[in-house]
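What follows is a single structure, written as structure tokens, with notes after it.
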Amino acid sequence: MIVEIHPPHTSVAHRALHELRPHLTDVEAFVRQVDDVQRAAGYRLLGAYVDGTRDAGDSAGPPALAVAGFRVTTDLAWGRHVYVDDLSTLPEARGRGLAGALLDAVHAIAADEGIDQVHLDSGVQPERQAAHRLYFAKGYRISAYHFERPID
Ligand SMILES: CC(C)(COP(=O)(O)OP(=O)(O)OC[C@H]1O[C@@H](n2cnc3c(N)ncnc32)[C@H](O)[C@@H]1OP(=O)(O)O)[C@@H](O)C(=O)NCCC(=O)NCCS
């Protein structure tokens, strides 16, 4: 089951996202950054649950087993597109199709909004190889190099 995670339940995304972003150790700081800063810039969260582990009511419920963070954005290079910032599954929940289902849900949201392209960056370290297999399986191709440098 895929659900959108809205405030005030952002904390249910923390455990899964912490696997991808280990510097985000503090749950309250994570919630503040998402709810007060990133949501204002269009950031949205989807959570994946095994059916029956989350009720449809208003309670936050258990942590999401997998999470996707994304936004609809526009720039001169690509025009209007969806950008996937974060995709992460708890180690014990991997290999069950949850991240794949989250990507499918992001693609469906894009299609509903008349958007015809989805972009993301992914590191090249060995820990990302499972992600790269998933992206290729979901129809992504490598389209750019990503450059960065520190500012002295
Ligand atoms: C990359 C990541 C998000 C994938 O999450 P996941 O929920 O395990 O993804 P899926 O289950 O959809 O797919 C993973 C594998 O399980 C397989 N699978 C999917 N459903 C399955 C099922 N029902 N039964 C058996 N295997 C299944 C997929 O084919 C895929 O196989 P592969 O590893 O041989 O390519 C996860 O490994 C992760 O969180 N990694 C650390 C963070 C990270 O790297 N994030 C990406 C940043 S760019």
Side-chain angles (χ1 to χ4, degrees), residues 1-6 9-35 37-39 41-56 60-75 77-78 80-113 115-150:
M1 175 172 60
I2 306 294
V3 297
E4 182 151 4
I5 299 167
H6 295 284
H9 303 318
T10 301
S11 62
V12 301
H14 179 263
R15 266 192 66 198
L17 271 181
H18 183 248
E19 295 294 329
L20 172 65
R21 313 284 182 216
H23 62 284
L24 298 174
T25 52
D26 184 84
V27 181
E28 289 178 9
F30 162 77
V31 169
R32 279 198 305 276
Q33 179 172 335
V34 169
D35 288 352
V37 181
Q38 293 192 205
R39 287 192 191 276
Y43 185 76
R44 293 165 65 178
L45 284 167
L46 297 179
Y49 295 83
V50 174
D51 286 349
T53 59
R54 186 187 194 280
D55 62 39
L65 299 174
V67 167
F70 70 99
R71 58 204 145 92
V72 174
T73 187
T74 303
D75 62 25
W78 303 323
R80 193 159 176 259
H81 62 279
V82 166
Y83 189 85
V84 180
D85 291 279
D86 309 294
L87 183 70
S88 188
T89 301
L90 289 172
E92 63 270 26
R94 289 178 189 167
R96 292 191 215 164
L98 297 180
L102 284 166
L103 285 176
D104 290 343
V106 169
H107 302 163
I109 289 169
D112 282 350
E113 299 212 17
I115 293 169
D116 62 3
Q117 47 183 323
V118 180
H119 294 255
L120 58 82
D121 282 287
S122 185
V124 293
Q125 62 271 44
E127 293 77 14
R128 296 289 172 262
Q129 286 183 1
H132 298 170
R133 286 196 303 275
L134 179 62
Y135 298 144
F136 285 124
K138 288 291 179 186
Y140 290 76
R141 65 182 180 86
I142 296 171
S143 61
Y145 289 111
H146 177 95
F147 289 89
E148 66 176 73
R149 61 152 281 179

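Indexing begins at 1, ligand by ligand and atom by atom, following the structure's order. Just so it is clear, the model here is predicted, and its values are computed rather than measured.
The two residues Leu65 and Arg96 come nearest to each other via the heavy atoms CD1-NH1, 4.2 Å. Residues Thr10 and Asp35 come closest through the heavy atom pair OG1-OD1, 2.7 Å. The minimum heavy-atom distance between Glu19 and Leu90, with the atom names listed, is CG-CD2, 4.3 Å. The two residues Ala16 and Val67 come nearest to each other via the heavy atoms CB-CG2, 3.9 Å. When all heavy atoms are compared, the tightest approach of Val82 to Ala110 is CG2-CB, 3.7 Å.
Between His81 and Trp78, the ring planes lie perpendicular to each other; the angle is over 60°, past the 30° to 60° tilted range.
Ligand 1 has a nitrogen or oxygen under 3.5 angstrom from a nitrogen or oxygen of Ala99. Looking at ligand 1, you won't find any N or O of Leu134 less than 3.5 Å from one of its N or O atoms.
Not a single protein heavy atom sits closer than 4.0 Å to atom 29 (O) of ligand 1.
Closest heavy-atom approach to atom 42 (C) of ligand 1 among the candidates Arg133, Glu19, Arg128: Arg128. For the residues Leu87, Leu20, Thr89, Leu65, the heavy atom positioned nearest atom 39 (O) of ligand 1 is part of Thr89.
Between Val37 and Tyr43, the closest side-chain pair of non-hydrogen atoms is not below 4.5 Å.
Taking a cut-off of under 4.0 Å to the non-hydrogen atoms of Ala131, the atoms of ligand 1 that pass are 1 (C), 46 (C). Close approach of ligand 1 to Gly97 is summarised as follows: ligand atoms under 4.0 Å from at least one heavy atom of the residue are 10 (P), 11 (O), 12 (O), 19 (C), 20 (N), 21 (C). Near Gly100, the atoms of ligand 1 lying under 4.0 angstrom from a non-hydrogen atom of the residue are 12 (O). Heavy-atom contacts of Arg94 reach the following atoms of ligand 1: 8 (O), 36 (C), 37 (O), 38 (C), 39 (O), 40 (N), 41 (C) (cutoff under 4.0 Å).
Heavy atoms of Ser88 approach ligand 1 to within less than 4.0 angstrom.
At a heavy-atom distance under 4.0 Å, no atom of Phe136 approaches ligand 1.
Nearest protein heavy-atom neighbour of atom 8 (O) of ligand 1: Gly95 N, 2.8 Å.
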From CA spacing to verdict: salt bridge (charged side-chain N to carboxylate O under 4.0 Å, His left out), Arg15, Glu92: CA-CA 12 Å; Arg15 266 192 66 198; Glu92 63 270 26; 3.0 Å; yes
